There are 4 protein chains.
Amino acid sequence: MSTVSDARIVRTREALRKAMIALAEESPLDAITVRAIAARAGVGYATFFRHYPDKDALLADVADRLIREFLQRVAPLLQDKDRAAAARSMCDFVLEHLAIYKALLAGGSGETVRAEMLRQTMITMAATRKRKPDGPLDDLMLFHLVSAILNLLSWWLRNLSAVSAATMAEVIERTVLTPVSLLRKQPPVGL
Amino acid sequence: MSTVSDARIVRTREALRKAMIALAEESPLDAITVRAIAARAGVGYATFFRHYPDKDALLADVADRLIREFLQRVAPLLQDKDRAAAARSMCDFVLEHLAIYKALLAGGSGETVRAEMLRQTMITMAATRKRKPDGPLDDLMLFHLVSAILNLLSWWLRNLSAVSAATMAEVIERTVLTPVSLLRKQPPVGL
Amino acid sequence: MSTVSDARIVRTREALRKAMIALAEESPLDAITVRAIAARAGVGYATFFRHYPDKDALLADVADRLIREFLQRVAPLLQDKDRAAAARSMCDFVLEHLAIYKALLAGGSGETVRAEMLRQTMITMAATRKRKPDGPLDDLMLFHLVSAILNLLSWWLRNLSAVSAATMAEVIERTVLTPVSLLRKQPPVGL
Amino acid sequence: MSTVSDARIVRTREALRKAMIALAEESPLDAITVRAIAARAGVGYATFFRHYPDKDALLADVADRLIREFLQRVAPLLQDKDRAAAARSMCDFVLEHLAIYKALLAGGSGETVRAEMLRQTMITMAATRKRKPDGPLDDLMLFHLVSAILNLLSWWLRNLSAVSAATMAEVIERTVLTPVSLLRKQPPVGL
DNA sequence: CTCTAATCGAGACGGTACGTCGCGTCTTACG
DNA sequence: CGTAAGACGCGACGTACCGTCTCGATTAGAG
């Protein structure tokens, strides 16, 4: 679906993604109709379905691109165990793409975005780490990591004026990154 | 809506709540139609709307009752700072009401339940604590606490066989309760 | 479908039939949209499908009622072998219900109407005649009878000013009723 | 549209006509999509519209060629007043081109074919006969003649095994050709 | 223990979004 | 640089669900 050369297709999909982001900023996901997306994109209604099977597929596409970029930036830092820098980098990245993140996290689309992020993180992790024990603990911690970060960021996006990026990064580091890291080093006896 | 004496009303609402829980176990929330709920409850379609304005109101009612009970059990322990016992109590409680929790958390209804739980926790906290500074940190930590716990529990409900209640409790304590507690005692400098 | 007591149903179907006839006078059948029928009937779009599976079903219902009345008038005469009177009666009947016939025959709906008329004539014949040989000749002649009459009438409806009812009746009698009757009395040797 | 020399154009149109006939054998006319015709003809979708403005135009072209041939064979006999031979010739001709006739008459395309046949017959008649009074009677009888014959033939095509060509010819002669001829010799008084 | 008013079932209805399909136009990529 | 391929706008289709509404028919609980 991504490797298409026809200029019209590229243009249309671009317009649809833009429209989705724009609308997601304004209303919760399930209040966004396909008709509204198509209209906003300046595209015929049926044309939407020629490119995406449904709303969620479009959202997943949008999320996919965003997360891919996000991970390219954050993953290296996590690999280097520089958690503080990683947390800082996250918050900066979010600030830079404020509009899109607001749309995707503060709206009702969190579920889809989280799922997509989990999926991609899995892939990235699998690609970088040699051995993948993939025990239940790893699975649980990855899920917690992604979910908790997304939750904290979504809170932040609704309270940007109250907390600075630096503070937010510290909170993420101390309440998520570090505890998870510790638990990994010293797993519960039952596991 | 709650203080009604007519036996028929009590009976009908009870049936609707039961039906909602039963259906939530089987399918994601937005695949549950009001018609299906009414049918399952053995109640006329229009009757549904005589008791709840819409699907979400019913779900909120169900969640409300569950969370009320949940908090009655967990809150005291948190007040007493016995985090390990509190975590343990949570997990036990979830195990006891497995079906309902599976329905409400592992389904697509997480968002509503989380919102309801946040709301009620706020109220409970406000009632027990005298002084409520309610700075952004408190707000953020409460949000994180509730969200993270619900997320961890919902993962657990999908992986019950992999992790025991004791282990799960330890995980919750070490990755959520303790870090949050520490952050509260020693807030980031920016706050 | 016909024996329903609910007043709303009766009212709605009545309105739909009226609307169908009105629109059929104005435009060919396949230029009539279900939306237009519903709008004209002052009825919701979806409501249409609660009563008829599609446009043709509504048309068939309209035709059914018309043909039932038509046959009640013409059949006795045919039984009595008074072909001239039967032909005359047909033409008079058509004149009396000019608008509806124009709608049903001169429009593009001939196919459906013819099918319905064939079906009903079959039933009527079967009910009145004791023995029903139903050989291929009977089948062919019945088909020819109905088709030819409908064709002649539809031509007449488009050329009302050119030919009187009496003349038209004579034409029908001499080119359809009598030849068919003769052929029946003295079938081709091959049958 | 007809006087074109480019070999590719001839080839494409030929392919489109073949495809139309093939598809018309399999499904009713309005279930045949332009896409299906183009695909069957091994031709691009848009290419269809470079040769015919729409589906009906292609069908009319197909019918036109068939009817032209048909009339060349039948008309002389009608001119010679040899009605029996004419009827016989018709039936033989239909048998020889069974597939195409089945496609055009027994399918849902009867209406278009009939219209085309009427048009062409008019032209042929006008060409052969010197004086063309063209009163309403002539018009009516021509319409009846064409319609009734097409109807009888289409019935026959659906019941080939039941009736021989000779019998069918006799039926056509006795129920259509002769009655029409008689009526012409001795018109109703009203005309 | 009755009577009366509230509750109930049944389901028709207007409305709106869905996803599909076909048409006929118009752009594009490719030979 | 022309032409076949096919993306596109349009608009109808038939489906599903929502929340409102109108009917009678129970049925609870007050007198």
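These numbers were taken from a predicted model, which means no experiment stands behind them. Below, read A as the first sequence line, B as the second, and so on, with proteins coming before strands; counting in each chain starts at 1.
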Calculate the interatomic distance between Arg13(B) atom CZ and dA6(E) atom C1'; express it in whole Å.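 It works out to 13 Å between those atoms.
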Over how many whole Å does the gap from Arg50(B) atom CZ to dG11(E) atom P extend? 14 Å
Lys18(B) atom NZ: more than 12 heavy-atom contacts under 6.0 Å: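 Check fails, neighbour count at 12 or below.
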Of Asp6(A) and Lys55(B), the one whose closest nucleotide on DNA chain F sits nearer the 5' end is Asp6(A)
First of Arg35(B) and Val34(C) reached from the 5' end of DNA chain F, by closest nucleotide: Val34(C)
Taking only the side-chain heavy atoms of Thr12(A) (C-beta and beyond), determine which of dC8(F), dT22(F), dT26(F) contains the nearest atom. dC8(F)
Identify which nucleotide among dG19(E), dA12(E), dA29(E) has an atom closest to any side-chain atom of Ile9(C), counting heavy atoms from C-beta outward.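 Nucleotide nearest to Ile9(C)'s side chain: dA12(E).
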OP1 or OP2 of dC8(E) under 4.0 Å from side-chain N/O of His51(B):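 For dC8(E), OP1/OP2 do have a side-chain N/O of His51(B) under 4.0 Å.
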Sub-4.0 Å heavy-atom contacts from residues 41-49 of chain D onto DNA chain E, ordered by number: Tyr45(D), Ala46(D), Phe49(D)
Scan Arg11(C) against the nucleic acid and name what it touches under 4.0 Å (heavy atoms): base, sugar-phosphate only, or nothing.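 Nothing, no nucleic acid heavy atom in range.
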Have a look at the helix from dC1(E)-dG31(F) to dG31(E)-dC1(F) and give the angle its two end axes make, five pairs each, rounded to 10 degrees. 30°
Closest approach of Ala38(B) and Tyr45(B), non-hydrogen atoms and distance? CB-CA, 3.9 Å
